[in-house]
Amino acid sequence: MGDTKKTYYITTPIYYPSAKLHIGHTYCTSVADTIARFKRLAGYDVRFLTGSDEHGQKIQRAAEAQGITPLEYTTNIVNGFKALWEKMHISNDDFLRTTEKRHEKVVQELFTKAYEKGDIYKAEYEGWYCTPCETFWTEQKLGENHTCPDCGRPVEKVKEESYFFKLAKYTDQWLKFIEENPDFIQPESRCNEMIQFVKQGLEDLAVSRTSFDWGIKVPFDPKHVVYVWFDALVNYISALSPFDGDGELYKKYWPADLHLVGKEIVRFHTIIWPMMLMSLELPLPKKVFGHGWMIVDGTKMSKSLGNVIDPIPLIDTYGADSLRYYLLSEITLGNDGNFTLPNFVTKINADLSNDLGNLLNRTIAMIEKYHGGVITKCDDMDDLDRDVSTLAVQTAKDFEAAMENMELNKAIKSVWAFIGRMNKYIDETMPWVLAKSEDAHDKARLQSAMYHLAEALRIIAIIVSPVIPVGAPKIWDQLGLVGFTDATLEDAKVWGLIPTGTKVVKGDPIYPRFEIPEMVEVVVEEKIEEAVDTSNIPPLKENITYDDFEKLDLRVAKVVSCEMVPKSKKLLKFVLDIGVEERTVLSGISQYYEPEAMVGKKVIYLANLAPKKMMGIESYGMILSASDWEEHLEVTNIESLPAGSVVK
Ligand code: MSP
């Protein structure tokens, strides 16, 4: 008989090995892993892919700065990625490095195919490039002072021979596809953003570079290397070896069911990638979901800010389940999420150690004490029993529905509500009172209570396993059950599967309690001092006279209020107290600061800059900020910036 299981192919982005991974990356991979594990539980034949994106100018420069080859540089870091995923109990079926031959071959094949079709042509690229984002930008799309509209860092002028991909040609086909597949881009708000982006007009995309050589060579013109995003996106297909033998893996798993990506790279996955596939006449993935960012103290976690939280010490101290549980239950998929160590420890103590851990401990201890550790099957005896047996099955169904809907935190919440109900059930049935009674009905009641507790825990163990894969099998083992890896979601939707005579096995508490640490003890990784590439520092400007300087009216101002400007990606609207009056000023720094975090802060303010209207709002003067040429901008604290950063 053939394999009739439905397939499910899920991917994470492939990460740049430009630095150690932080809990932002861990978040993305944990979400994907939880979905992959859930789908396996639901009976799918799952393929889960992650990997590393190793080519491009950024990597080449970083390797040069360390005096090693790019491959030596990436190999070191990629080994760290793999170790981290193992520590996090990530169940990926494959890990693709873009430096592998299997990938290179497919990129070259597909590039050639698009070229032969006439969708790739040679011309000269003259425009702007953001190296940290590895993104080409047209003059019109740039931010103020020639900055990248995505990350806000200065872009570089590039003029070189390039191959171009006819992106614009696929505009109508793309718009039609989106209209017919409204669920393709999730969440919906990101879909609307992408439609706007495409409707504003696309330009053909430069897909090769000639000014450096760390990349996959264009096979018919080897002085060109393939643009790193064209190269990287192909990973989702090259990992399925479409041209090996009869392309069995590719046939089985493509198109992907879900590309899970961060919000800033939704554009590449929902516009460029589908248009490449349209040109190649290959099926499009079924869904792209753009998740939010991990934020620390109001700002995006990023390595150059030195505010990245290293997941390794967290896992070593608190365990992989704790970190997974926190990230998945605290954040609504699609929104940004916060991490602070005291919140994290408070949450895992309450939910894992207290609610779940205690339910298990109390249940096992009572079955041992009252029935010599042996479980006896019992039907519902009263409304209380009926309540919990019905709720158990309903919880498994609610969990499934929320997971199918990508509402991971809602799914988890429904399980913890049930755990809470079961702890209450213990208080309501008062087994310690029943145990003292000689009455036959009380004895039967006690046996039934123990059975209902054990059954509830059996169902809980199954449904929490995608979220906390370390603890779930321990619950199973303590219940004295076998064959956890064969348990299915269907088993969780059926009440009463523990057979009479099952003997519980008391174990250590599955989740210990931790001291709540002080806020200041947050495990923040040391700021990574990278070799500074001084070629990026903008040249010094011409001298000005003291009279020129005197013209600037610079003031200290206090932020009275701060909010996002509707429909703008970058602008924050500030109201400043400048002593004599209040001023409204717009500043394009929303990717660095959450508006609420700015209120009450003092900033340096250029008061006499001529007013300017932006997005229909008159902006008076300018808030000064300093930024390096990487991804770091500061308004109030310049300590963390390298020398040479520009104040503007
Ligand atoms: N190499 C590209 C992806 C190519 S996929 C064909 C890339 N790499 S990355 O390492 O910069 O980012 C990988 C993923 O990590 C992105 O989805 C990004 O959103 C995510 N995150 C990076 N910082 C993050 C947070 N602070 N929070 C959540 N996710 C974050 O882009």
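Sequential numbering from 1 along the given sequence is applied to the chain's residues. We count ligands from 1, going down the list as the structure has it; atoms in each ligand are counted the same way.
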- Item | Sub-4.0 Å heavy-atom approach of Gly292 to ligand 1 | yes
- Does the ring centre of Phe165 sit less than 6.0 Å away from the ring centre of Tyr227? no
- Message: Apply salt bridge (Lys or Arg N to Asp or Glu O under 4.0 Å) to residues Arg97 and Glu54 and explain how you reach the verdict.
- Response: CA-CA 7 Å; Arg97 297 183 61 176; Glu54 304 186 27; 2.6 Å; yes
- Item | Atoms of ligand 1, numbered as shown, that sit under 4.0 Å from any heavy atom of Tyr15 | 10 (O), 13 (C), 14 (C), 15 (O)
- Query: For ligand 1, which atoms have a heavy atom of His269 less than 4.0 angstrom away?
  - Reply: 5 (S), 6 (C)
- Less than 3.5 Å between some nitrogen or oxygen of Lys263 and one of ligand 1, yes or no? no
- Message: Salt bridge or not between Glu248 and Lys251? Use side-chain N to carboxylate O under 4.0 Å.
- Response: no
- Item | N or O pair under 3.5 Å between Met294 and ligand 1 | yes
- Task: Please confirm whether Tyr318 and Phe344 have ring centers closer than 6.0 angstrom.
- Result: yes
- Message: Counting only nitrogen or oxygen atoms and a 3.5 angstrom limit, does Ile14 reach ligand 1?
- Response: yes
- Task: Say whether Trp229 and ligand 1 are in contact under the criterion: heavy-atom distance to a ligand atom below 4.0 Å.
- Result: yes
- Residue pair Glu404 / Lys39, side-chain heavy-atom distance below 4.5 Å: yes
- Message: If the threshold is 4.0 Å, N to carboxylate O, is there a salt bridge linking Asp204 and Lys166?
- Response: no
- Message: Quick test of your reading of the model: are Asp244 and Lys105 salt-bridged, counting only N-O distances below 4.0 Å?
- Response: yes
- Here the atoms of ligand 1 under 4.0 Å from any heavy atom belonging to Asp53 are 1 (N), 2 (C), 4 (C)
- Message: Looking at non-hydrogen atoms alone, which of His22, Glu264, Glu134, His25 comes nearest to atom 18 (C) of ligand 1?
- Response: Glu264
- Message: Quick check: Gly262 and ligand 1, any N/O pair under 3.5 Å apart?
- Response: yes
- Task: Have a look at Tyr27, Trp293, Tyr16 and point out the one with the heavy atom closest to atom 11 (O) of ligand 1.
- Result: Tyr16
- Purely on distance, is any nitrogen or oxygen of Tyr236 under 3.5 Å from one on ligand 1? no
- Message: What verdict does the ring-ring contact (aromatic ring centres under 6.0 Å, His included) test give for Tyr236 and Tyr9, after you've listed the backbone C-alpha separation in whole Å, the side-chain angles of each residue and the deciding distance to 0.1 Å?
- Response: CA-CA 10 Å; Tyr236 301 126; Tyr9 181 31; 7.8 Å; no
- Using a heavy-atom cut-off of under 4.0 Å, does the side chain or the backbone of Phe268 touch ligand 1, or both, or neither? neither
- State yes or no: are the ring centers of His25 and Phe81 separated by less than 6.0 Å? no
- Centroid separation His224 to Phe111 less than 6.0 Å: no
- Item | Residue Ala232 vicinity, atoms of ligand 1 by number, heavy atom under 4.0 Å | 6 (C)
- Item | Atom indices of ligand 1 within 4.0 angstrom of His291 heavy atoms, with elements | 28 (C), 29 (N)
